[in-house]
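The shown structure was predicted, so the numbers you read here are calculated from the model rather than taken from an experiment. Remember, it's 1-based here, ligands and their atoms both numbered in the order they're listed.
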Amino acid sequence: MADVTVSQFAEVLKVPIDKLLTQLDQAGIKVSGPDAVISDDAKLLLLSHLRRSHGQADDAAVGVAAPRKITLQRKQQSEIKLAGGSGRARTVNVEVRVKRTYVKRDVLGEKAKTQGEDTEAKRLEAEEAVRIERERQEQERREAERLETENRRRLEEEAAARRAADEARRAVEQREREQSEADKQDRSRGTPAAGEARPAAARAGDARAAKGGAAETDRDKRTRYGRAELHVSTDASSRLKKKKKVRERKAPLGMEQRHGFELPTAPVVREVAIGETITPQELAQKMAVKATEVIKVMMNMGVMATINQPIDQDTAVLVIEEMGHTAKIRKENQIETDIQGATGEAIEALPRPPVVTVMGHVDHGKTSLLDYIRKAKVAAGEAGGITQHIGAYHVQTLKGGVTFLDTPGHAAFTAMRARGARATDVVVLVVAADDGVMPQTIEAIQHARAAGVPIVVAVNKIDKSTADPDRVRTELSKQEVIPEEWGGQNIFVNVSAYTGQGIDQLLDTILLQAEVLELAAPPGGLASGLIVEASVEKGRGAVATVLVKKGTLQLGDPIIAGQEFGRVRAMFDETGKAVSEAKPSMPVLVLGLSGVPNAGDEILAVESERKAREVALYRQGKFRDVKLAKQVAAVGDVFSQMAEEKAGVISVVIKVDVQGSAEALRDALTKLSTEEVQVKVVASGVGGITASDVQLAAASKAMVLGFNVRADGGARDAVKETGVDVRYFSIIYEAIDDIKQRMSGLLAPEVKEQIVGTAQVRDVFRSSKFGVVAGCLVIEGVVKRNNPIRVLRDNVVIFEGALESLRRFKDDVGEVRAGTECGIGVKNYQDVRVGDQIECYSRVEVARAIA
Ligand code: GDP
Ligand code: MG
């Protein structure tokens with residue numbers, strides 16, 4: 001390093017020049033004045049002098065500044081205050097602690113450079129880091145207080161582990177500490193032993209030099225959020241307290257006490273357990289950092305949340321990893337795993353009836369088939385003739401029982417049907433013999449395959465003269481549903497829902513298939529099952545169709561289904577007869593749930609209603625938290641929101657009679673979305689349309705779609721007030737068509753161009769009055785004065801614009817028809833040539849429709 005003058009040096013050290021001069025003088029360095037050059041040797045001399053003259057205070061400050069001596073250092077610092085110390089010593093410390101002024105760094109940096117020693121430089125760096133940490137401690141102590149207990153415990157464990165691993169280092173530190181301790185005791189006796197402190201510092205320096213490398217790696221390991229520092233700071237303050245207490249009790253230096261000094265040498269990587277949601281506050285606590293740090297990291301990631309706002313699991317994991325810890329995703333359903341306790345295994349499984357889902361294309365006769373089987377008229381009573389939701393029926397035949405789930409064939413029910421397939425042992429694929437394989441036939445096959453459920457094909461409407469069962473077989477073979485008689489896996493049965501032909505054989509086939517599957521379930525113990533559908537019925541409250549999968553559902557059982565809980569108040573079988581219990585594969589209508597669960601939810605009988613309530617409330621809370629958390633994650637996604645606004649959006653609030661329809665409708669409508677027009681389901685629910693539905697719709701600029709439900713009085717008033725559009729439907733595809741029409745209305749009309757007429761330039765005149773005038777013959781259509789035009793040369797557009805004038809002989813005219821000559825002046829274009837064509841066109845807006 002180049003030599004500098006005294007005044008420059010003072011500048012660098014940030015000390016007044018006269019003070020530096022005095023110090024130099026005291027150190028025995030002769031300088032002529034502020035402009036004198038100060039050599040490296042002189043600096044070195046000054047350094048050692050300053051150290052000596054600062055005595056133990058400075059030594060202590062330097063000595064304890066080793067990275068692992070934070071506690072000690074802090075303590076001494078406070079002792080300096082108590083003891084008064086020397087004026088200079090106090091100045092030094094105040095500079096460091098009050099503010100991050102880098103005064104110390106400058107001085108130290110300069111000193112280090114002066115010394116030119118690597119180890120010393122490292123030590124100073126480490127010292128510097130510790131100083132910064134100390135500053136932080138000051139700032140953060142109060143906040144850290146809260147976390148102290150936890151930190152202390154954990155830190156002890158970590159320190160213990162490290163101790164075992166690092167014997168050598170400990171020995172060095174021990175020596176150093178003992179010395180420091182001695183220093184302190186001296187000082188507390190009010191006899192600063194400068195002579196002793198000096199060697200102590202030297203020894204400490206050795207130790208530090210030895211640990212210099214470690215100190216550096218330590219620093220390197222810090223995350224950019226300064227996590228390690230933060231740990232150290234919080235840890236240090238808690239350490240400090242503990243240490244004080246210990247000392248009060250025991251005078252001599254014990255092992256424990258020494259251990260108390262040890263601080264982490266590496267960043268603490270914590271395993272942070274997170275559930276489905278967590279608030280930044282909790283997250284900060286678990287990582288032992290300030291909540292503001294967490295918020296900051298989140299902001300950097302583009303997620304805005306307040307301290308107490310739950311954030312979702314994904315975000316939390318990112319934050320945790322970003323801050324250098326590891327995330328441990330906690331099994332959130334811990335509370336749920338033992339809902340039922342140990343049941344099931346103990347009870348022997350017995351054969352149970354198969355659960356059959358009837359699938360197929362719309363109008364291929366699914367309902368009619370079930371209807372025939374049940375000998376009840378279901379199809380006749382249905383709005384529009386299509387089944388609107390899943391019904392479940394149990395049929396007893398001579399050979400055994402079969403439970404049917406009636407999943408409707410319309411594509412709108414895809415989601416529900418997928419669930420139906422999962423609850424299902426056998427799929428009966430209904431294909432009309434006169435219609436063959438249709439899109440939903442193929443869909444049904446896919447669902448059955450996805451669920452790994454065997455397919456029995458019912459070739460229906462075999463009574464019709466147009467029936468062609470072989471065609472069905474051929475077409476299905478292409479879908480790899482191959483008849484047994486052709487060497488395939490699937491049994492085909494020709495049936496007629498009208499005449500009943502083949503139905504018995506179909507049932508036999510199903511039972512045969514079931515036998516192969518060896519279906520069994522424990523018939524005793526607490527029941528578990530599936531919600532097939534659920535709704536609210538006047539006077540009965542929440543009503544759910546439940547398919548028992550195992551155990552026995554009994555009257556009075558406490559139950560939990562999704563987020564709802566309750567007790568089985570009443571049960572009915574498919575004929576409406578009250579029953580007191582339901583065994584595996586039996587569908588029953590259950591009354592007594594607190595609300596409407598979702599189709600497909602699991603329903604469990606539990607030991608106590610308290611347990612049911614507990615789990616349900618837990619789930620509700622979780623659901624709410626997850627929902628909120630997802631919303632938080634969505635905020636900030638401004639661009640997609642803007643894009644949404646640009647594109648047309650049709651928002652709907654859906655109210656339905658049964659839960660299954662809500663899902664189906666939501667699914668079908670959302671699927672209609674195109675790039676230009678999106679359908680957004682703002683909310684959907686079961687029950688009549690209420691004022692709050694209307695309000696919600698108004699707030700989200702949505703329409704209300706009532707499916708088999710009507711608006712109540714309050715809602716009608718709200719409609720009058722807000723002008724919200726409310727529509728009623730009882731057939732799903734009519735609702736879909738309506739939305740489609742609306743979507744078409746939202747499409748920007750397509751602008752189509754039509755060529756109205758074309759004129760050929762025959763001659764070009766230049767007139768002083770009109771400029772360039774083209775003598776033309778209209779060869780096609782009509783040239784109109786006010787329409788836009790293009791000038792074409794060899795069929796290439798060379799100019800686009802408007803007409804200046806259109807004349808016939810001497811007269812201005814509005815239009816000129818084909819076969820007529822005219823004079824045309826083109827506005828702002830003088831280069832019309834013989835042979836050019838002037839094309840006159842119009843723009844027509846064409847309304848578009850959603851396909
Ligand atoms: P789904 O939409 O699949 O449930 O079909 P439906 O059961 O509602 O039946 C659609 C139409 O086909 C109705 O008009 C039925 O009367 C008719 N249909 C159903 N099965 C048969 C059958 O076996 N023979 C004849 N001729 N018509 C049938
Ligand atoms: Mg039907």
Original post:
Is Ala497 close to ligand 1, meaning an N/O of one under 3.5 Å from an N/O of the other?
Top reply: yes
Subject >> Result of checking Pro483, Ser496, Pro469 against Val459 for side-chain contact (heavy atoms from CB on, under 4.5 Å) >> reply: Pro469
Subject >> Proximity winner for atom 10 (C) of ligand 1, if only heavy atoms of Asp363, Val430, Val362 are counted >> reply: Asp363
Original post:
Just checking, any donor-acceptor pair under 3.5 angstrom between side chains of Arg473 and Asn494?
Top reply: yes
**OP:** Scan side-chain atoms only and decide if Ser528 and Lys549 contain a donor-acceptor pair under the 3.5 Å cut-off.
**Re:** no
Subject >> Exercise: identify the closest heavy-atom pair between Gly436 and Thr441 >> reply: O-OG1, 4.3 Å
**OP:** Under 4.0 Å from a heavy atom of His361: give me the atoms of ligand 1 that qualify, with their elements.
**Re:** 3 (O)
Original post:
Looking at Asp463, which atoms of ligand 1 are within less than 4.0 Å of one of its heavy atoms?
Top reply: 22 (C), 23 (O), 24 (N), 25 (C), 26 (N)
Subject >> Derivation and outcome, salt bridge (Lys or Arg N to Asp or Glu O under 4.0 Å), residues Asp712 and Arg716 >> reply: CA-CA 6 Å; Asp712 65 16; Arg716 282 198 291 270; over 6 Å; no
Subject >> Closest candidate by heavy atom, reference atom 18 (N) of ligand 1, pool Lys461, Gln501, His364 >> reply: Lys461
